[in-house]
Engineer: 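Mind looking over this structure? Questions follow.
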Amino acid sequence: MIETIFSSGSLTTVNAFLVSLVIGVAFGWCLEQAGFGSSRRLAGIFYFRDMAVLKVMFSAVITAMLGLGFALAFGIIRLEAIYIPETILGAQIIGGFLFGIGFMISGWCPGTAAVGAVSGKLDAIVFLIGALLGSYVFNSSYSWIEPWYNWGDMGVSYIYSELGFEFAGFALLVTIVAILAFWVAELIEVRFNFALVAAKSSNLWAFSVVILSGAIMLVALGRVTIPRYRIIETGVYASGVLSQIEKALEHIEPEDLARELLVGQKRIVVADLRSREEFDEWHIPGSVHTPMSSIMQALERYRAFDRIVLVSNGATHPGQAWVVLQGLGFTNVYTMSDGLRGFFERVLKPVSLRMVTLTNSEQAEINLWRTMFLGSGMAVGSASQPSSGSE
Amino acid sequence: MTTQTGNSYLNPYLAGFLLGITLLASFMILGTGLGASGGLARLSAWCGLCINPEQILNSEYFGKWGAHPLKYYLVFMFAGTLIGGFVSALLNRRISVQVERGTQYSAWKRLILALLGGVIAGFATRLARGCTSGMALTGTALLTTGGVAFLLSTFAGGYLMAYFFRRQWHD
């Protein structure tokens, strides 16, 4: 099992930046080789003139999908070591639709425009300036767009699970659809002259056979399953779990969490179990929104951390989730006493509103907490996943 | 007006295969997929910081990226994309300064459409949390629901409106 830069939590190191740069070079090289430095070629797909976008895109998808399938089947990598982009279905459908219109009008998308710009295409440079402006406009109108931005939040969601398939079976289906699409694309380009396609497509024939065999082998291996987290044989004794609860070892006090976050020595992740709306309204800086139903998948990547602290408004949901996670062998999970309500009451409540008399140092600490946890632009030293909207 | 010079392009299936290998390498080494619009958005935030730091730092979206938005892996990936594209275009003698369009269409009108499309696309990537690379390519390769939905709606949007913008490619 290999660890990735993401799973080892070092995506913000210089090393990660260098690797990204090298991967970017390969990415730009591939796009240019495919002829994607030309807006005419890219726009061709919308007028059925040049189907290169479909061919390149689907070949890449199939290659990476099957490659990853084999890597998972042979246990080379765990799926948890890869950052899976979250599904926010409504936002992605509206966003995709708008993006398609922008892509068609300009003949560019961000990656290809980068390649077009360095090939001397002035329209690509203008597109990139437009994209910078568009991002800026998004930021300026964010408060207005926010409900749309979070519309249809499904967390990590796989299309095959939603449709009741297994990974390998669905990958085979996608492969077959792609092969059909390739041949139709070839036919479209020559206005359905079958003889011409038959004469010049020996390469495509070979490629079709290779990817189809790959997909069938993957089904035959049949070992690529998404962990569904059945609680069996984790080596955890119920009595052990219950005695931890009895000794109150499962929780952390809000003040202690605040101190640990500020010191930043331990690797701590705060998993916020509330709804997306509540999370967006306010959360402990650096915490991660974790929907209850996908909590295992979301927290798998933090198994090696010093602490995973579950928080919600109260302490009931975190307590229930804690028990489930114990069964799955998570040994670093804690709940926060009194939940976020307790955090407000005991950490964030202003000195002036507190009934008890406080020493000067206590007062100073409370004021520090208030600036750090309520102030803007504050980032507590805590790992979070790559921020939403990363690509 | 398109004057395609230099060597012919790579076979699209081979180019796609190599792109897929690049994406796979990114999964295995970085643990994330490819991305382009994320780097651009960070650049946009950085430009904003140069003009009006107060406002950007307090804004809800860009504000989360703090005072150094360029310290991010996707910014470096975008820089790499520029380098890789340039080297490939240079070696294959495909660099030519031009506004790519149909011969019947004016360069200015084409540039205005490129700008308009850029603004729409830039905005849309923030809403959808990615572009063709980060959402359509990476998301679909991982078979995420959002990635597939994004890919399908991208083509839906493009094909639905394509008729109205066809003239820019007429020769």
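Source: prediction; values computed, not measured. Sequence lines set the chain letters: A, B, ... in the order given, protein chains first and strands last, and positions in each chain run from 1.
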Engineer: Could you tell me whether a side-chain N or O of A/Tyr47 sits under 3.5 Å from a main-chain N or O of B/Ala162, the two making a donor and an acceptor?
Structural biologist: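 Here the side-chain-to-backbone pair exists.
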Engineer: Which atoms of A/Ser7 are under 4.5 Å from chain B, going by heavy atoms: the side chain, the backbone, both sets, or neither?
Structural biologist: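 Neither part, no heavy atoms under 4.5 Å.
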Engineer: Non-hydrogen atoms of chain B under 4.5 Å away: do they reach the side chain of A/Phe182, the backbone, both or neither?
Structural biologist: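 It is both, since atoms from each part get that close.
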Engineer: Which atoms of B/Ile56 come close to chain A, meaning under 4.5 Å heavy atom to heavy atom: side chain ones, backbone ones, both, or neither?
Structural biologist: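 When you check distances to chain A, only side chain atoms of B/Ile56 fall under 4.5 Å.
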Engineer: Using heavy-atom distances under 4.5 Å, tell me whether A/Ala34 contacts chain B through its side chain, its backbone, both, or neither.
Structural biologist: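 Both the backbone and the side chain of A/Ala34 come within 4.5 Å of chain B.
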Engineer: Examine whether an atom of A/Phe165 lies under 4.5 Å from a heavy atom of chain B, and if so say whether it belongs to the side chain, the backbone or both; otherwise answer neither.
Structural biologist: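 Neither part.
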Engineer: Among A/Met154, A/Glu146, A/Met104, which has the most heavy-atom pairs under 4.5 Å with chain B?
Structural biologist: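 Looking at each of A/Met154, A/Glu146, A/Met104 in turn, A/Met104 comes out on top.
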Engineer: Judged by modelled atom types alone, do A/Ser143 and B/Glu60 share a side-chain donor-acceptor pair under 3.5 Å?
Structural biologist: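 No donor-acceptor contact under 3.5 Å links the two side chains.
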Engineer: Check step by step if side-chain contact (heavy atoms from CB on, under 4.5 Å) holds for A/Met57 and B/Leu151.
Structural biologist: CA-CA 10 Å; A/Met57 184 98 189; B/Leu151 179 71; 3.8 Å; yes
Engineer: Considering only heavy atoms, which portion of B/Arg110 lies under 4.5 Å from any heavy atom of chain A: side chain, backbone, both, or neither?
Structural biologist: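 For B/Arg110, the contact with chain A is made by the side chain alone.
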Engineer: Would you find a donor on one side and an acceptor on the other, under 3.5 Å apart, between the side chain of A/Gln92 and the backbone of B/Gly130?
Structural biologist: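 No, the answer is negative, given that no donor and acceptor are paired below the 3.5 Å cut-off.
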Engineer: What part of A/Ser157 gets within 4.5 angstrom of chain B, counting heavy atoms only: side chain, backbone, both, or neither?
Structural biologist: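 Both parts, heavy atoms under 4.5 Å.
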Engineer: Pick one of side chain, backbone, both or neither for A/Ser141, based on which atoms fall under 4.5 Å of a heavy atom in chain B.
Structural biologist: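 The side chain, not the backbone.
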Engineer: Could you tell me which portion of A/Val174 (side chain, backbone, both or neither) has an atom closer than 4.5 angstrom to a non-hydrogen atom of chain B?
Structural biologist: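 Interface part for A/Val174: side chain.
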Engineer: May I ask you to check whether B/Phe62 and A/Phe138 place their ring centres under 6.0 Å from each other?
Structural biologist: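 Centroid distance A/Phe138-B/Phe62: not below 6.0 Å, so no.
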Engineer: With a 4.5 angstrom heavy-atom cut-off, which part of A/Ile2 approaches chain B: side chain, backbone, both or neither?
Structural biologist: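 For A/Ile2, side-chain heavy atoms alone lie under 4.5 Å from chain B.
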Engineer: Tell me, please, whether A/Tyr149 has B/Arg129 positioned over its six-membered ring: NZ or CZ under 6.0 Å from the ring centre and within 45 degrees of its axis?
Structural biologist: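 Pair B/Arg129/A/Tyr149 counts as cation-pi.
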Engineer: For A/Arg49, look at atom CZ and say whether over 12 heavy atoms of other residues, nucleotides or ligands are found less than 6.0 Å away.
Structural biologist: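 Correct, the count exceeds 12.
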Engineer: Does any backbone or side-chain atom of B/Ala136 lie under 4.5 Å from a heavy atom of chain A? Answer side chain, backbone, both or neither.
Structural biologist: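 Both parts, backbone and side chain.
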Engineer: Taking atom CZ of A/Phe207 as the centre, report whether more than 12 heavy atoms of other residues, nucleotides or ligands fall under 6.0 Å from it.
Structural biologist: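 Buried by this count: over 12 neighbours within 6.0 Å.
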Engineer: Just do the ring-ring contact (aromatic ring centres under 6.0 Å, His included) check on B/Phe155 and A/Phe103 with the steps written out, would you?
Structural biologist: CA-CA 9 Å; B/Phe155 281 112; A/Phe103 181 14; 7.5 Å; no
Engineer: Side chain, backbone, both or neither: which part of A/Gln33 has a heavy atom under 4.5 Å from chain B?
Structural biologist: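 Interface part for A/Gln33: both.
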Engineer: Checking the side chain of B/Tyr159 only, and the main-chain atoms of A/Ile45 only, is there a donor and an acceptor separated by less than 3.5 Å?
Structural biologist: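 Yes, because the side chain of B/Tyr159 sits within donor-acceptor range (under 3.5 Å) of the backbone of A/Ile45.
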Engineer: Looking only at atom types and distance, does a side-chain atom of A/Thr87 sit under 3.5 Å from a main-chain N or O of B/Gly146, one as donor and one as acceptor?
Structural biologist: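 Checked: pair present.
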Engineer: At a heavy-atom separation under 4.5 Å, does A/Asp280 approach chain B through its side chain, its backbone, both, or neither?
Structural biologist: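 Contact with chain B: none, neither part.
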Engineer: Side chain, backbone, both or neither: which part of B/Val148 has a non-hydrogen atom closer than 4.5 Å to chain A?
Structural biologist: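 Side chain only.
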Engineer: Give, as side chain, backbone, both or neither, the part of A/Leu89 having an atom under 4.5 angstrom from any heavy atom of chain B.
Structural biologist: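 A/Leu89 touches chain B through side-chain heavy atoms alone.
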Engineer: Could you look at B/Phe164 and say if it's the side chain, the backbone, both or neither that has a heavy atom under 4.5 Å from chain A?
Structural biologist: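 For B/Phe164, no heavy atom lies under 4.5 Å from chain A.
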Engineer: For A/Ile77, which atoms come within 4.5 Å of any heavy atom of chain B: side chain, backbone, both, or neither?
Structural biologist: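 A/Ile77 touches chain B through side-chain heavy atoms alone.
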Engineer: Could you look at B/Leu160 and say if it's the side chain, the backbone, both or neither that has a heavy atom under 4.5 Å from chain A?
Structural biologist: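 Just the side chain, heavy atoms under 4.5 Å.
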Engineer: Go through A/Gly102, A/Ala71, A/Ser8 and name the one with the most non-hydrogen pairs under 4.5 angstrom from chain B.
Structural biologist: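 The candidate making the most pairs under 4.5 Å is A/Gly102.
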Engineer: Let me know if A/Ile88 has heavy atoms under 4.5 Å from chain B in its side chain, its backbone, both or neither.
Structural biologist: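 Side chain of A/Ile88 only, per the 4.5 Å heavy-atom cut-off to chain B.
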